Structures are given as structure tokens and as C-alpha cells.
Amino acid sequence: MTGITENIWQAKTVAQRAAEALPESVWFALGYMVLGVVGVAAFIAVLGMGLIYAERKIAGHFQCRLGPMRVGWHGIFQTVADTLKLLLKEDVVPAQADKFLHILAPLFTLLGTILVLAVLPMSPIVHVSDVNIGVVYVGAVSGFGVLGILLGGWSSNNKWSLLGAMRAGAQIISYEISATLALLVVVLFSGTLRLSEIVESQAAGWWIWRAHGVGIVAFLLFFIASLAEINRTPFDIPEGESELTAGFHTEYSGMRFAFFFLAEFINMFIVAALTATLFLGGWMPFHIGDFAGFNAIMDMIPPGLWFTGKTAFLVFLIMWFRWTFPRLRVDQLMRLEWKVLLPIGFANLIAAAVVVLFNFYFFPVR
Amino acid sequence: MMQATDKQENPTRSGLVTAPELKRHGFFRNVFSGIKSLLEGMKVTFHYLSHPSTVVTQQYPENRATLKMMERYRALLTMIHDENGLHKCTGCQICHDNCPNASINVVTRSNPVSGKKELDRYIWRMDSCTFCNLCVQVCPFGVLKMDGSFEGAVYDRRLFVFTLNHYAGPAAGLLAKVADPEERKKMIEPRDRYSGPVPLNGQELAGVKALKKAESGCCGGSGGCCSDSQGSQGSKEMK
Amino acid sequence: MDSANLLTAVAAAEPNAKPREKADRAAVQVPVGNLSALMKRLRNDSTFAFDMLCDHTAVDWSEQGTFELVYQLYSTVHGHYLMVTTSVPRVSPIVPTVREFWRIAEFQEREVYDMFGVLYDGHPDLRRLFLEDDWKGFPLRKDYTDDFMLERPE
Amino acid sequence: MSVHITTLDDRVRLRQDDSSPLSTQEYFVNMGPQHPSTHGVLRLVLKLDGETVREVIPVLGYIHRGIEKMGEHQSYRQFVHLSDRLDYLSALINNWAVSMTIEKAANIELNDRIQVIRTLMAELQRIQSHQLWWGVFGMDLGAFTPFLYGFRDREIIADIFEETVGARLTMNYIQPGGLMYDIHPGFVKRVKAFLQYFKPKLAEYETLLSGNVILQERLRGVGRMDGQTALSIGATGPVLRASGVPLDLRKSEAYGSYGKVAFDVVIGKNGDCWDRYWVRLEEMRQSMKIVEQLIDNIPEGKHMVMKPAVKIKLPEGCYYNQVETARGILGVYIVSDGKESPYRIHLRTPNFNNLWAITETAANWRLGDLVAILSSLDVVVPDIDR
């Protein structure tokens with residue numbers, strides 16, 4: 001990275017701090033680790049509740065309703081109450097279910113999301129672990145999610161659940177390809193697999209606009225494919241309520257249902273955050289090449305706020321989609337992936353390679 | 001994409017409107033018109049998000065003070081009592097006969113003084129009532145009306161069977177002819193909501209078990225305290 | 001065709017068909033044996049062209065000991081109605097199905113079987129429609145009783 | 001004699017195909033009686049091959065109340081309120097159907113005011129019913145928001161009804177011999193306000209759903225049914241008209257005041273889900289046209305031509321009369337033996353007959369299409385079961 005990035009933005013992750021502290025004191029290192037784990041766990045719980053509340057409120061106003069209004073000011077504690085209710089609810093495991101897998105499935109789903117969260121650079125100082133193959137890691141561990149869904153659907157011993165799980169399996173695996181192709185475009189641009197470096201590589205401008213349209217196509221591809229991966233409308237066919245009652249989690253109740261539910265919302269955050277990191281510069285402020293004055297003004301806003309703002313906008317966009325569109329049919333979904341997104345993705349990847357090869361984007365840094 | 005709003009008049013048959021056909025175009029036109037249609041839809045929903053004044057939710061029960069039911073709303077059958085607490089029911093039982101599902105039971109008695117037939121109890125079964133309004137319509141004296149007080153929920157469906165008239169005795173018109181106030185008093189006997197042959201008073205009805213008689217006092221007119229039907233049944237059996 | 005012409009035409013097509021008395025629209029009564037042939041003509045003959053079986057039901061005339069089966073036909077081509085009725089004895093109520101002429105008859109006949117116990121000869125899937133397969137009795141018969149029936153309290 | 005009585009068990013027996021180790025197996029799934037998109041207690045037994053629907057076997061009776069049997073023990077006037085409980089979304093039109101049959105049989109002449117108000121009410125009810133259907137249709141296709149928009153706009157008509165009728169769903173307003181009440185003084189104003197309000201909303205419906213590319217793709221060509229099949233399967237109303245058969249009793253019979261107003265019959269071309277969708281949307285527009293023409297021209301007169309306490313007795317005979325409800329033709333067949341209550345009363349309900357179109361149209365479509373087809377038929381389960 002050349003001089004555009006200043007060293008104050010050099011990300012220092014919790015894992016690094018732990019590693020640095022280790023020679024001095026084991027307890028310090030352990031403290032950092034506990035901080036990381038507890039931090040992520042608390043973050044998930046709070047974020048999940050926040051997102052659910054936001055979704056309900058936003059959905060309400062999209063639909064000329066008010067949303068939750070009863071618990072606390074404007075229903076602000078509604079999700080807390082709901083969480084409490086879900087925790088206290090009876091956990092029903094169907095008699096004919098494969099009990100072990102039935103219990104395991106929601107844990108897998110949640111695990112996938114937690115592991116991804118650990119590598120997300122949310123700001124230079126809030127970053128649990130900076131893996132040098134971050135992009136590959138994200139692609140790999142998010143597969144836990146589909147494993148959980150498939151297990152859940154299969155172990156429920158319910159044909160509706162199984163249908164939902166099979167739909168989810170087909171859908172998530174198909175769309176993973178497009179998402180990866182779009183991701184590769186960014187990897188090509190930034191020349192690194194490390195997420196923090198991808199962020200830093202956008203110091204001269206976000207990838208979405210710096211590559212003559214290639215970036216925006218990749219952004220759209222990634223966003224659409226990710227929507228499909230997290231089963232949000234218009235791609236919510238695995239749990240399409242009007243078709244499969246609740247799809248793969250039909251037979252789940254209480255806490256285990258809450259796990260699926262939580263994972264769904266955290267996934268939404270992860271998709272938004274990843275998209276922001278890859279294409280919208282993550283915590284990087286809005287910079288235009290060498291315009292130092294403009295860039296300095298943008299730098300006044302702290303990076304954490306930038307990240308939050310971008311993510312929040314994308315989350316809102318996802319919700320907006322959900323409360324506007326009908327859902328696709330199974331075969332249309334597959335057609336969209338294999339006949340539309342995938343060819344575009346390949347063409348875009350080649351175009352990106354050409355752009356990188358000739359150093360053709362705005363404000364080339366190398 | 002063809003705009004669905006285009007009306008395509010069919011020239012062959014007059015007075016007919018034919019649905020427009022959805023046409024397919026080339027790949028790129030499909031993609032772009034498709035994206036455009038999605039954005040238009042998003043504009044509609046965003047309009048409502050950005051205009052909180054379009055919210056139609058009513059915050060019940062907070063808005064109780066301002067919530068007004070329409071005057072004709074049919075929620076509760078009531079017997080009209082005038083300012084002196086007198087009704088005009090003669091106990092003719094036309095409503096009783098016209099009720100489609102026997103939700104009205106008009107019990108008559110002969111007056112202790114004059115010996116004439118008159119209303120004893122007007123028992124209404126709200127639980128089986130369909131609010132068809134026939135009783136109100138057929139009443140030749142305009143005794144009944146449907147009231148808009150819709151908050152009728154109770155914890156025990158036996159509380160849905162109750163008496164409408166406030167007193168047993170002759171109708172207002174007949175009573176007016178009796179000059180002597182002492183005589184009048186003798187002719188009337190007060191009736192409360194949960195007295196007579198209702199489950200709360202130890203009577204069984206079709207499909208409704210009786211409540212223990214001792215409990216009827218505590219329920220009074222408000223209802224609600226007899227929520228545990230199983231419990232009261234159990235205590236009855238123990239006796 | 002107006003109802004008088006229609007009745008004449010039906011009488012010409014099927015001599016056994018008699019006008020049904022006391023009906024508010026063109027109505028004929030045929031013996032069960034002629035029902036199938038008449039229906040076929042009514043459906044396929046272009047002068048009748050009854051392409052719609054609006055309704056099919058039965059009436060239990062328990063005192064006469066018969067079921068009267070009622071078919072309401074309508075032609076979207078000519079816009080005329082015809083009511084066809086036939087009577088079968090209550091003890092052995094068997095009628096030929098008209099499912100081959102109107103697909104909906106399959107289900108309307110199943111309802112009549114369910115409620116009256118009328119058996120349809122040649123019906124491909126004659127089973128209860130509303131009630132369970134092992135229900136005893138046929139509820140719309142006048143003599144039907146079961147434990148759940150309530151008398152109107154007086 | 002070839003009468004063979006079958007059972008549901010016979011129908012759902014699977015044929016095992018072991019001819020090849022790669023052979024797949026079809027399976028049966030119960031859709032309903034509790035399922036989000038059957039809208040009530042409709043049970044469809046589906047024979048599926050993976051996602052593809054091979055056969056649909058409707059199993060009915062979960063909300064059968066024996067209205068016809070009840071009718072044999074009720075007076076004609078009492079029976080009208082039971083017709084509310086058939087297709088509760090067009091309760092007023094059902095009232096009208098029963099009342100009209102009784103009036104025709106008993107030779108009760110009505111004045112113009114009653115006819116005009118009945119027509120107005122029926123058209124408002126039709127709009128209301130289609131609004132709800134529109135919302136539910138969107139929801140069945142995965143868009144939840146239209147559902148609430150539909151309900152929001154439906155509420156305004158419900159208020160109109162509440163003001164005049166005193167009820168919002170089960171009205172019992174149209175009675176033999178007239179109407180329960182005269183229209184409320186605020187009726188005309190409210191209806192005009194509604195027309196003003198709803199016109200732009202209808203355009204919004206078009207942008208939000210009709211124009212949406214996903215919806216169009218979901219509906220185009222799905223569940224196609226030609227006119228002859230539709231007639232043979234007994235479909236009526238928008239379902240039949242979408243198949244290109246312009247049968248609308250409001251035009252062909254011109255009962256009520258329909259003969260005096262100008263409106264178009266809406267038909268489709270292909271009989272697919274899109275046509276059924278579009279026909280209903282356009283019918284709302286046509287209904288508004290009718291309301292607009294009538295609302296300023298309500299003639300003076302009494303709202304009831306006979307006393308409500310008068311007992312009605314029909315002359316001996318049988319009477320059949322039909323009315324176009326929001327979902328199709330409701331036929332009322334009354335057999336009278338001259339007594340106070342009918343000897344037999346039978347209701348030819350539109351949904352019972354429309355439902356079976358699903359057995360014709362849904363085969364070899366996906367599960368998601370089945371939901372779309374079912375929703376485009378717009379069945380109301382209590383009307384099927386009666």
C-alpha cells in the first residue's frame with residue numbers, strides 16, 4: 001500500500017493483540033481471547049435483536065402499519081421480550097425425528113455465521129481476527145449454514161421440511177458459484193485474500209466505481225447471489241411460507257427455532273457487511289483518488305461509522321426487497337443462476353482480468 | 001413488458017374487455033424492463049415508508065376514548081329501558097319464535113296483582129347468537145336494539161347467557177295506567193343480569209354446563225371472576 | 001330458445017320426457033332408463049348445446065319413497081336453461097353417471113352420494129365427499145338421525 | 001351394474017416402481033387442512049414427483065356445517081342469515097341470491113330504490129372481495145405487503161357497510177322483501193370518498209404487483225385452462241371468464257339494476273393465472289364504474305315492501321335462481337311443499353364448482369405454481385363445504 005493509506009488505519013485485530021500480549025503475560029492474551037469470544041457472542045445477540053426490531057419496524061411502515069408499539073417506547077423491547085419467550089418455550093422434538101441431528105442442525109447454522117463474523121473488519125480497531133486467506137475462509141465456513149439447513153430439514157422427518165432443505169441445498173450451492181465469481185473480481189483488483197487489505201486497497205476509491213462498470217456488475221452479482229444464499233425474498237423459497245409452511249424449520253420450536261431465526265438475521269448483516277467490505281470500501285471513508293482536501297474532510301467521520309452506515313444501508317435495501325417483491329419459483333431461481341448470473345459472472349471476471357492486466361481502473365495504485 | 005394498465009378493447013365483441021397478453025422481448029430488454037418494474041414497485045413501498053401519515057393502525061385500547069362504533073353496529077342485544085327504568089316488552093315471544101337458532105328465551109309469568117301474562121325474564125344467549133338482527137326487526141313494540149358495545153369478551157362462555165330486562169312486570173304503557181305507586185311496586189320485581197334459568201344460576205343449557213349456584217353472587221354483572229370453569233366443575237362434584 | 005320451444009324440442013328428442021310440473025323454468029322429467037341418452041343429446045346436439053351443468057342435486061321425497069335427482073343445465077351458446085329431473089326408488093337408488101358429458105358431475109354426484117346415498121353407475125371415483133369414508137348414514141335424507149343432532153329448544 | 005365405492009386410501013396407494021435402481025418414487029403430501037396458502041381448512045392431497053405436482057386430490061368437509069339441512073328447519077327469512085356464512089367475502093350477494101329466489105317464488109315486487117341499493121351494495125362487496133383476493137394473491141406469491149394494502153383498502157368499504165348495515169362481514173342485510181335498513185345518510189358521501197380514494201390505489205396495485213417482472217413470470221402460462229374445459233368443470237365467475245367465456249349473469253340476466261348501467265364483461269385470452277389475475281383487477285374497475293353510475297341516482301322509495309314479521313310461504317313447487325357473486329354463480333334451489341320452511345334447499349356455490357379446476361390445471365406444475373393456481377381460483381373454503 002502506498003502513502004494514501006495512513007498507518008493509523010492499520011488494522012490491529014483482537015487476535016493480533018492477543019498474540020502480542022502472549023510473551024508478556026498469558027493472562028493478558030487469554031483476556032483478549034475471552035474479549036473476542038464474548039464480544040462476538042454479545043454482538044450477535046444484540047445485533048440479532050436490533051435487526052429483528054428494525055425489520056419489524058421497517059416492514060410495518062412499508063405496510064402502513066406501526067410495527068411493535070407495546071413493549072417499551074415504540075416497542076423497543078419487543079424483541080427482548082420475544083427472545084425471552086423463545087428461551088422459555090418448550091422445545092419440541094418430533095417423536096419420529098432423528099434427535100441427535102435435529103438438535104445439531106441449528107447449532108451448525110449458527111456456527112457458520114459466528115465464524116464469518118470473526119473475520120469481518122468492522123473498523124481498524126474492531127476486528128477479531130485477520131486471516132490471511134479471509135476471502136477463502138468466508139466462502140468455506142459459510143457452508144456450515146447450508147449443512148445445518150440440510151440436516152435440519154432431513155432430521156425433522158417431515159416432507160415439507162425435507163422439500164425446504166432440498167430447495168435450500170440446491171439454491172445455496174448454485175448461488176455460491178456466482179457469489180464467488182463476483183468475489184474473485186475484487187480479489188483480482190486488490191490482489192489479496194486478506195479482508196483488511198481489501199479494505200485498505202480501496203483507499204483511493206471504492207471498487208464499485210473504480211473499474212469502469214466491472215465493479216458495479218460484480219457488486220450486483222454478489223449482492224443478488226448473497227441474497228439467494230441467505231434465503232431472503234425474492235429468493236426465500238426454502239422457507240416460502242405460502243408453499244412449505246416454514247420449510248426446513250417447520251418442526252423447530254423454542255430455542256432451536258430462535259437459533260435458525262437469529263442465524264438468518266445475522267446472515268443478513270454478514271451479507272451486507274461483506275458487500276460493503278468488498279465493494280464499498282468497508283470502514284474506508286469515501287475517497288476520490290488524490291483529492292487530499294476532499295479525502296481529509298471525509299476522514300473526519302470515524303471509520304466505524306462509515307462501516308455501520310454502509311452496512312445499515314445495505315441491510316435496509318435487503319429489507320426493502322423483502323417487503324416489496326414476490327418470490328421466484330424453484331425452476332426460475334435455478335434458471336436465473338445458471339442462465340443469467342453465471343454467464344454474466346464469467347464474462348465479468350474476464351473483463352475484470354483485462355482491467356487489472358492493463359491497469360485500466362481509475363486511480364491505479366500499483 | 002406490456003403495461004398491464006393498457007386496456008385492449010376487443011373489436012369483435014362489444015362490451016368486452018380482454019386481458020392484455022404478456023409479451024417476451026429480447027434478453028437485454030427483458031433484463032432492463034424487469035429491473036425497471038422492480039424499481040417502480042420499490043418506489044411504491046418506499047412512498048409509504050417515507051410518509052408516516054399513511055399509517056392506518058389503530059392503537060386499541062389506547063384509543064378507547066376516541067373510538068366510536070357506527071350507530072347501527074350490532075354487537076350486543078339490549079332491551080331499551082326508558083328514563084324511569086321501564087321497558088315496553090309485553091312478552092309476546094315473536095322474537096323468541098323468529099330467532100333462527102333459539103338464542104332468545106322469553107320467559108313469561110302471570111302478574112301477582114292483575115294476573116295478566118307479562119315478561120318475567122328475557123334471556124339472551126350471546127354465545128349462539130349470530131347477530132342477524134331479526135329479533136330487533138320483528139319486534140312490534142321496538143323493545144330491542146343492537147348496541148355497539150363490542151367489548152363483550154369474557155373468560156367463561158357461561159357468562160354469555162344472561163337476562164336483558166331489569167325487572168319482571170308489565171310493559172311501560174300498562175304500568176303507566178296504574179295510578180297507585182304502591183300497586184305499581186307490587187307488580188314489579190327486579191331482575192338482575194345473571195338470575196333465572198342461566199348457567200350461572202345452576203341451570204344447564206344445551207351444550208353449556210351449569211355453574212355452581214353459590215358462585216353466581218360473586219360474578220354479578222361484571223363477569224370475569226368465574227374464569228376457571230374446570231375448577232368450579234370440580235368443586236361442584238366434590239360436594 | 002324460450003322455454004316452450006325448448007320443451008317441445010326436448011319432447012321431440014326424447015318421447016319419454018314429460019314436462020315437470022310446478023317448476024319456475026323449463027323442466028322435464030325422464031325415467032332413469034332414458035336419462036343417459038337424453039343427457040347425451042342435450043350435451044352434444046347443437047340445437048341444445050348444454051355445455052354447462054350448473055347444478056346437480058337430489059330431493060328426498062320420503063313419503064313417495066323416491067329420490068328426485070335434479071340437473072340444472074345451461075347453454076352458453078344459446079343462453080337457455082333446462083331443468084332435468086329423474087326419480088329413483090329410495091330402496092335402490094342407482095342412476096347412470098353423467099360425468100362423461102360434464103366433468104363437474106363427478107364431484108356433484110359425489111356430493112349427492114355423500115348426502116343421499118344415491119349410487120352412480122359408471123362413476124370412476126364414487127366416494128364420500130364431505131364426510132369420512134366410514135360415516136354411517138346419509139345426512140340429507142329426511143329420516144337421518146345421529147347423536148349430534150340438536151333439537152330446537154322451546 | 002358397476003357401482004364401486006372407493007375410499008381415500010385407495011386413491012393414495014403408491015405404485016412401487018423397482019424396474020431400475022435409478023427409478024424415483026412419487027410421494028403423497030398433505031397440503032392442509034392447516035396450511036398457510038389453502039386459506040382455511042381445505043385439504044389437498046398432493047402426489048408429488050420431487051417438486052412437480054402430479055395429482056391433486058381435494059379432501060373436503062373440514063368446515064361442513066350442514067347449512068342445507070339446517071335450512072330445512074328454518075323459515076325462509078331465517079335462512080337468509082345462513083347464506084352469509086357460505087362465501088363470507090360476498091355475504092351481501094349471497095343474501096341477495098336467497099332473497100331473490102324467495103321473492104321470485106312468492107311474487108314479491110320490489111321498488112327501484114331497493115334494487116339500486118342492492119346493486120350498489122353487491123358491487124361494493126365485489127370490489128371488497130377482489131381487494132382481499134388481490135392481497136392474498138400477493139401473499140401467496142411471497143409478497144407480504146400487498147396483503148396489508150388490500151386489507152387497508154378493504155377496510156374503507158367495511159366501514160361503509162358498518163355504517164349502513166351494522167356489520168362488517170356477515171351482513172344479513174338483503175332480506176326477502178327489501179333491505180334491513182334504509183341506507184345511512186352518510187352512505188353516498190362515504191361511497192364517493194371511497195371511489196376518490198381507490199382509483200389511485202388501483203393504479204398502485206398495478207405498479208406494485210401487475211407490473212412486477214417476477215409476478216409476471218410466475219403467472220404467465222401457468223395453470224392454463226381453455227374455455228371448454230372450464231365450462232365442463234363447472235367453473236364460473238372470473239375463473240370462467242379468464243378462459244375466454246364471456247358468461248356474466250349481470251349481463252345475461254340483468255337482474256337488479258344491472259340492466260340500467262353500462263359496464264363491460266372482462267374476459268381473458270389464455271385462461272392462465274395471469275388472465276385470472278387481470279380479470280379480477282379489471283372487474284374492480286368495472287364495479288367502480290357501476291357504482292359511479294348508480295350512486296347519484298338512488299330513487300326514492302321504501303326500503304322494505306313487506307313487514308319483517310310477516311311469515312313467508314312459497315307456493316308448492318321448485319325454484320332455481322342464480323346470481324353472480326364475486327367468485328361466480330351462486331344458485332339457490334328451493335323445493336317448497338307450501339309450508340313455512342323449505343322442503344329442501346340447495347345451494348350451488350361457486351367455489352365448490354371452481355375448486356375442481358385445480359385437478360385439471362395443476363398437474364405437472366411445480367408446488368409453487370400450485371399455490372399460485374389455487375390462489376388464482378380464489379376459493380373460500382366455507383363456500384365449498386357449506
Side-chain angles (χ1 to χ4, degrees), chain C residues 20-25 27 43 51-61 63 68 70 72 74-76 79 81 83 85 92 94 97 101-108 110-111 113-115 119-135 139-140 142 144 149 151-152, chain D residues 1-11 57-62 64 66 68-69 72-74 101 104-105 227-229 231-236 240 245-247 252 315-322 329 331 333-336 343-344 346-348 352-353 355-357 359-360 384-386:
Chain C
R20 192 204 186 277
E21 307 285 313
K22 290 176 187 161
D24 64 338
R25 57 183 65 211
R43 172 76 183 85
D51 45 11
M52 212 171 137
L53 175 62
C54 281
D55 193 15
H56 168 50
T57 188
V59 183
D60 180 9
W61 295 105
E63 279 170 25
E68 186 185 25
V70 184
Q72 308 279 359
Y74 177 69
S75 163
T76 53
Y81 287 97
M83 184 167 115
T85 69
S92 62
I94 299 180
T97 177
F101 313 127
W102 299 278
R103 179 95 162 70
I104 187 64
E106 176 180 344
F107 310 106
Q108 293 177 345
R110 270 177 63 192
E111 188 193 345
Y113 161 68
D114 194 3
M115 293 295 158
L119 300 172
Y120 287 88
D121 194 0
H123 194 285
D125 181 26
L126 191 64
R127 63 188 154 93
R128 295 272 190 180
L129 185 67
F130 294 131
L131 301 171
E132 288 113 70
D133 284 332
D134 54 354
W135 191 272
L140 279 183
K142 289 280 175 190
Y144 175 82
M149 286 175 88
E151 285 297 311
R152 184 189 164 100
Chain D
M1 192 185 96
S2 61
V3 177
H4 175 62
I5 291 160
T6 54
T7 59
L8 185 61
D9 291 344
D10 299 337
R11 289 297 302 275
I57 308 170
V59 180
L60 308 178
Y62 288 89
H64 193 274
E68 293 174 10
K69 186 85 177 177
E72 292 174 11
H73 301 275
Q74 305 216 319
T101 315
K104 279 191 177 171
Q228 278 310 308
T229 318
L231 279 172
S232 170
I233 202 76
T236 48
L240 178 65
V245 182
L247 172 63
S252 63
E316 218 174 301
C318 54
Y319 309 95
Y320 184 69
N321 190 49
Q322 302 187 125
I329 292 175
Y333 179 66
I334 296 179
V335 179
S336 165
Y343 184 76
R344 163 108 173 94
H346 175 73
L347 298 151
R348 181 246 184 251
F352 175 77
N353 294 274
L355 169 74
W356 305 101
T359 60
E360 287 282 332
I384 298 171
D385 277 3
R386 279 161 283 149

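None of these values were measured; they are calculated from a predicted model. Reminder, nothing fancy here: chain letters follow the sequence lines and each chain counts from 1.
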### Query
Do Q322(D) and D55(C) have side-chain N/O donor and acceptor atoms under 3.5 Å apart?
no

### Message
Within this structure, what is the CZ-CG distance for the pair R110(C) and L60(D), rounded to the nearest 0.5 Å?
### Response
7.0 Å

### Summary
So, the part of F107(C) with a heavy atom under 4.5 Å from chain D: the answer is both

### Query
Which value, rounded to the nearest 0.5 Å, describes the distance between D125(C) atom CG and H4(D) atom NE2?
9.0 Å

### Under 4.5 Å from any heavy atom of chain D - which part of D24(C)
both

#### Entry: Spatial distance of atom OH (Y333(D)) from atom CE (M83(C)) [nearest 0.5 Å]
4.0 Å

### Largest heavy-atom contact set with chain D, pairs under 4.5 Å, which of E21(C), R103(C), M52(C)
R103(C)

### Query
How are the rings of F130(C) and F352(D) set relative to one another: parallel (under 30°), tilted (30 to 60°) or perpendicular (over 60°)?
tilted

### Query
Do the side chains of Y113(C) and I5(D) get nearer than 4.5 Å, heavy atoms only?
yes

### chain D contact via A58(C) - side chain, backbone, both or neither, heavy atoms under 4.5 Å
backbone

#### Entry: Contacts of Y74(C) that satisfy ring pair (Phe, Tyr, Trp, His ring centres under 6.0 Å) - sequence neighbours left out
Y81(C)

### Query
Between Q72(C), R25(C), H56(C), which residue shows the highest count of heavy-atom pairs closer than 4.5 Å to chain D?
Q72(C)

### Query
Between the main-chain N or O of P139(C) and the side-chain N or O of K69(D), is there a donor-acceptor pair closer than 3.5 Å?
yes

### Which atoms of H346(D) approach chain C - backbone, side chain, both or neither, heavy atom under 4.5 Å
side chain

### Task
Let me see the working for C318(D) and R20(C) under side-chain contact (heavy atoms from CB on, under 4.5 Å), right down to the final yes or no.
CA-CA 10 Å; C318(D) 54; R20(C) 192 204 186 277; 3.5 Å; yes

### Task
Give the minimum heavy-atom separation between I233(D) and I104(C), together with the two atoms involved.
O-CD1, 3.1 Å

### Message
Is it the case that atom NZ in K22(C) sees more than 12 heavy atoms from other parts of the structure closer than 6.0 Å?
### Response
no

### Message
Quick check on the interface: out of V245(D), T359(D), L231(D), T229(D), who has the most heavy-atom pairs with chain C under 4.5 Å?
### Response
L231(D)

### Query
Of the backbone (N, CA, C, O) and the side chain (C-beta and beyond), which part of S336(D) lies under 4.5 Å from a heavy atom of chain C, both, or neither?
neither

### Task
Could you check whether the rings of W61(C) and Y343(D) sit parallel, tilted or perpendicular, using 30° and 60° as the cut-offs?
parallel

#### Entry: Heavy-atom proximity to chain C below 4.5 Å, by part of I57(D)
side chain

#### Entry: Between T57(C) and R348(D): side-chain donor-acceptor atoms closer than 3.5 Å
no

### Task
Side chain from CB out, backbone as N, CA, C, O: work out which of these in E111(C) comes under 4.5 Å of a heavy atom of chain D, or both, or neither.
side chain

### Interface residue of largest heavy-atom contact number with chain C, from I329(D), L8(D), V335(D), under 4.5 Å
L8(D)

#### Entry: Engaged part of D60(C) at the chain D interface, taking heavy atoms whose separation is under 4.5 Å
backbone

### Task
Measure across C54(C) and Y320(D) and return the closest heavy-atom pair with its distance rounded to 0.1 Å.
CB-OH, 3.8 Å

### Query
Using 4.0 Å as the upper bound for N to carboxylate O, is an ion pair formed by R344(D) and E68(C)?
no

## Note on the structure
Sorted by chain and number, sequence neighbours left out, ring pair (Phe, Tyr, Trp, His ring centres under 6.0 Å) with Y62(D) holds for none

### Query
Do the side chain of T7(D) and the main chain of D133(C) share a donor and acceptor less than 3.5 angstrom apart?
no

